[in-house]
Amino acid sequence: MNAVTIKHSFTLNGVQVVVMHAQAGEGIPMHEHPNAHMTMCHAGKLAVRKEGVYVELSKDSTPVLLSENSPHELEALEDGTIFVNISAVQV
(Lines give C-alpha, C1' and ligand atoms only; values in the text may rest on other atoms or scores of the structure.)
Protein backbone atom coordinates (compact mmCIF):
# COMPACT_ATOMS: atom_id res chain seq x y z
CA MET A 1 0.00 0.00 0.00
CA ASN A 2 1.27 3.46 -0.89
CA ALA A 3 1.08 6.15 1.80
CA VAL A 4 -1.73 8.66 1.40
CA THR A 5 -0.98 12.38 1.51
CA ILE A 6 -2.82 14.50 4.06
CA LYS A 7 -4.87 17.18 2.31
CA HIS A 8 -5.96 19.14 5.42
CA SER A 9 -5.17 18.78 9.11
CA PHE A 10 -6.32 21.06 11.89
CA THR A 11 -7.27 21.15 15.54
CA LEU A 12 -10.30 22.99 16.87
CA ASN A 13 -11.37 23.04 20.53
CA GLY A 14 -9.42 19.90 21.36
CA VAL A 15 -10.57 17.93 18.31
CA GLN A 16 -8.14 16.93 15.56
CA VAL A 17 -9.52 16.60 12.02
CA VAL A 18 -7.42 15.01 9.26
CA VAL A 19 -8.74 14.95 5.68
CA MET A 20 -7.11 12.67 3.11
CA HIS A 21 -7.58 12.48 -0.67
CA ALA A 22 -6.45 9.11 -2.01
CA GLN A 23 -6.15 7.08 -5.18
CA ALA A 24 -6.85 3.33 -5.22
CA GLY A 25 -4.17 1.49 -3.25
CA GLU A 26 -3.19 4.50 -1.13
CA GLY A 27 -3.86 4.57 2.57
CA ILE A 28 -2.43 4.22 6.06
CA PRO A 29 -0.70 0.90 6.79
CA MET A 30 -1.36 -1.03 10.00
CA HIS A 31 -0.89 1.24 13.03
CA GLU A 32 -2.52 2.11 16.35
CA HIS A 33 -3.12 5.17 18.52
CA PRO A 34 -3.37 5.83 22.25
CA ASN A 35 -6.75 7.48 21.52
CA ALA A 36 -9.91 6.41 19.68
CA HIS A 37 -10.93 8.06 16.43
CA MET A 38 -13.86 8.15 14.02
CA THR A 39 -13.24 7.41 10.36
CA MET A 40 -15.69 8.40 7.64
CA CYS A 41 -15.64 8.34 3.85
CA HIS A 42 -16.96 11.29 1.84
CA ALA A 43 -16.24 10.02 -1.70
CA GLY A 44 -15.09 6.79 -3.31
CA LYS A 45 -14.68 3.65 -1.24
CA LEU A 46 -12.46 2.95 1.80
CA ALA A 47 -11.44 -0.40 3.31
CA VAL A 48 -11.06 -0.48 7.09
CA ARG A 49 -9.20 -3.52 8.41
CA LYS A 50 -8.49 -4.58 11.97
CA GLU A 51 -8.12 -7.96 13.61
CA GLY A 52 -11.09 -10.06 12.56
CA VAL A 53 -12.95 -7.09 11.04
CA TYR A 54 -13.23 -5.83 7.45
CA VAL A 55 -15.55 -2.95 6.56
CA GLU A 56 -15.96 -1.00 3.33
CA LEU A 57 -17.08 2.61 3.73
CA SER A 58 -18.65 4.93 1.16
CA LYS A 59 -20.31 8.34 1.38
CA ASP A 60 -23.51 6.58 2.45
CA SER A 61 -21.89 4.60 5.29
CA THR A 62 -22.09 5.30 8.99
CA PRO A 63 -18.71 6.44 10.38
CA VAL A 64 -16.63 3.75 12.10
CA LEU A 65 -15.21 4.11 15.62
CA LEU A 66 -11.69 2.72 15.94
CA SER A 67 -10.85 2.08 19.58
CA GLU A 68 -7.67 3.22 21.29
CA ASN A 69 -4.68 0.85 21.07
CA SER A 70 -6.45 -1.19 18.39
CA PRO A 71 -4.25 -1.95 15.34
CA HIS A 72 -5.98 -1.01 12.09
CA GLU A 73 -5.31 0.06 8.52
CA LEU A 74 -7.19 2.17 5.98
CA GLU A 75 -6.97 1.74 2.20
CA ALA A 76 -8.69 3.54 -0.68
CA LEU A 77 -10.38 1.08 -3.01
CA GLU A 78 -11.24 3.67 -5.69
CA ASP A 79 -9.49 6.68 -7.21
CA GLY A 80 -10.80 9.94 -5.79
CA THR A 81 -11.53 8.52 -2.33
CA ILE A 82 -11.84 11.20 0.36
CA PHE A 83 -11.81 10.11 3.99
CA VAL A 84 -11.62 11.88 7.34
CA ASN A 85 -10.29 10.90 10.76
CA ILE A 86 -11.56 12.77 13.81
CA SER A 87 -10.11 12.33 17.30
CA ALA A 88 -9.58 14.06 20.60
CA VAL A 89 -6.14 15.64 20.97
CA GLN A 90 -3.90 13.88 23.51
CA VAL A 91 -2.80 16.17 26.33
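Because only heavy atoms are used, hydrogens play no part in the values below, and waters and symmetry mates are left out as well, while side chains stay in. What you see is a predicted model; the values in this text were computed from it and never measured.
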Just list the side-chain donor-acceptor pairs under 3.5 Å for residues 8-22, sequence neighbours left out, or say none.
none

Contacts table for residues 40-50: side-chain donor-acceptor under 3.5 angstrom, sequence neighbours left out:
{"from": "Arg49", "atom 1": "NH1", "to": "Glu73", "atom 2": "OE2", "distance (Å)": "3.2"}
{"from": "Arg49", "atom 1": "NH1", "to": "Glu75", "atom 2": "OE1", "distance (Å)": "2.9"}
{"from": "Arg49", "atom 1": "NH2", "to": "Glu75", "atom 2": "OE1", "distance (Å)": "3.0"}
{"from": "Lys50", "atom 1": "NZ", "to": "Ser70", "atom 2": "OG", "distance (Å)": "3.3"}

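In terms of heavy-atom proximity, Ser87 sits nearest to His37 at CB-CB, 3.5 Å. The minimum heavy-atom distance linking Met38 with Pro63 is given by the pair CE-CB, 3.5 Å.
Residue Leu77 belongs to a hydrophobic cluster whose other members are Tyr54, with links defined by side-chain heavy atoms closer than 4.5 Å. Apart from Met30 itself, the hydrophobic cluster it occupies contains nothing, where clustering links Ile, Leu, Val, Met, Phe, Trp and Tyr at side-chain heavy-atom distances under 4.5 Å.
Applying the side chain to side chain contact (heavy atoms under 4.5 Å, CB included) rule to Ala24 yields the partners Asp79; only residues at least two apart in sequence or on another chain are considered. Contacts of Asn69 classified as side chain to side chain contact (heavy atoms under 4.5 Å, CB included), with partners at least two apart in sequence or in another chain: Glu32, Pro34.
Distance CG/Asn35 to CG/Leu66: 11.0 Å, rounded to 0.5 Å. For the atom pair OG1 (Thr39) and CG (Leu57), the distance works out to 7.5 Å, reported to the nearest 0.5 Å.
Under the 4.5 Å side-chain contact rule for hydrophobic residues, Phe83 and Met1 do not share a cluster. Transitive grouping of hydrophobic side chains (ILVMFWY, heavy atoms separated by less than 4.5 Å) brings Ile82 and Ile86 into a common cluster.
His72 is listed as a side-chain neighbour of His33, based on a closest heavy-atom distance under 4.5 Å.
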